[in-house]
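Throughout, numbering of the chain's residues begins at 1 and tracks the sequence.
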Amino acid sequence: MTQENNGSVATVLTYDDDVLAKIAGNTVRDVDGVLSLEGNLIDTVTDKFNDDTDPSMGVKVDLDNDDKEVKLAMDAVLEYGKSIPTVFKKVTSKLTQTISEMTDLKPIEIKIHVKDLQTRDEYMKKNRKSEKKGK
């Protein structure tokens, strides 16, 4: 929580968990090697602007507005053949930078649970099958 006294006006800035979840979900989209969060499409091959997936899905947020701290946790499907520790470092670095730039919050913990590894082709085939079943 940010409190300031601008002359005679007290101001307070707080965030909803969903705001941080959206920032995190949209940020992770750009990281090479991440295929999905909790089964939702986060695919750098498809057009991101036409993706109807809620970017906050699959991201758990523990927000402390008073201390300006946030903890993030997510389950991910990563791309087979990519270095998992390297993908993790890219995700954590990018999340830390983006959250710090967009808010006055400090990420103090980022957890990623790798649920599965799939090749990009496997992932795309499974995604196409689930789209056909849904229609």
Q | L13 side, atom CG; K68 side, atom NZ - distance, nearest 0.5 Å | A | 8.5 Å
Q) Got a second to check how far T27's OG1 is from E101's CD, nearest 0.5 Å? A) 9.5 Å
**Q.** Nearest-0.5 Å distance, OG1 of residue T14 to CG of residue L105
**A.** 10.0 Å
Q | Non-neighbouring partners of T92 that pass side-chain contact (heavy atoms from CB on, under 4.5 Å), sequence neighbours left out | A | F88, I110
Q: Would you kindly confirm whether V19 and I108 end up in one hydrophobic cluster when ILVMFWY residues are joined by side chain heavy atoms under 4.5 Å apart?
A: no
Q. Do the non-hydrogen side-chain atoms of T103 and I23 ever get within less than 4.5 Å of each other?
A. yes
**Q.** Minimum heavy-atom distance Q118-L35, with the two atoms named
**A.** O-CD1, 3.4 Å
Q. Can you check whether L117 reaches I84 side chain to side chain, under 4.5 Å on heavy atoms?
A. yes
Q) Do the side chains of V34 and I112 get nearer than 4.5 Å, heavy atoms only? A) no
Q | Reported NZ-to-NE2 distance for the pair K60 and H113, which is rounded to 0.5 angstrom | A | 9.0 Å
Q: Identify the two heavy atoms, one from V59 and one from L37, that lie closest to each other, and give their separation to 0.1 Å.
A: CG2-CD1, 3.9 Å
(Q) According to side chain to side chain donor-acceptor pair (under 3.5 Å), who are the partners of D62, at least two apart in sequence or on a separate chain? (A) none
Q: Please list, chain by chain and in numerical order, all residues satisfying salt bridge (charged side-chain N to carboxylate O under 4.0 Å, His left out) with K106, sequence neighbours excluded.
A: none
Q) Sequence neighbours excluded, which residues qualify as side chain to side chain donor-acceptor pair (under 3.5 Å) partners of K89? A) none
Q) To the nearest 0.5 Å, what is the distance between NZ (K111) and CG (L72)? A) 11.5 Å
Q | Minimum heavy-atom distance M74-G58, with the two atoms named | A | CB-O, 3.2 Å
**Q.** With sequence neighbours excluded, residues passing side chain to side chain donor-acceptor pair (under 3.5 Å) with E69
**A.** none
Q. Looking at CG of D116 and NZ of K126, how far apart are the two atoms once the value is rounded to the nearest 0.5 Å?
A. 5.5 Å
Q: Can you sort out the partners of S83 under side chain to side chain donor-acceptor pair (under 3.5 Å), two or more places apart, ordered by chain and number?
A: T86
Q: In sequence, state the C-alpha distance, the side-chain angles, and the governing distance for E79 and D32, and then conclude on side-chain contact (heavy atoms from CB on, under 4.5 Å).
A: CA-CA 8 Å; E79 187 174 352; D32 182 40; 4.2 Å; yes
Q | Minimal non-hydrogen separation, T119 against Y80, with atom names | A | N-CB, 3.7 Å
Q) Do V70 and D64 come within less than 4.5 Å of each other through their side chains, counting heavy atoms only? A) no
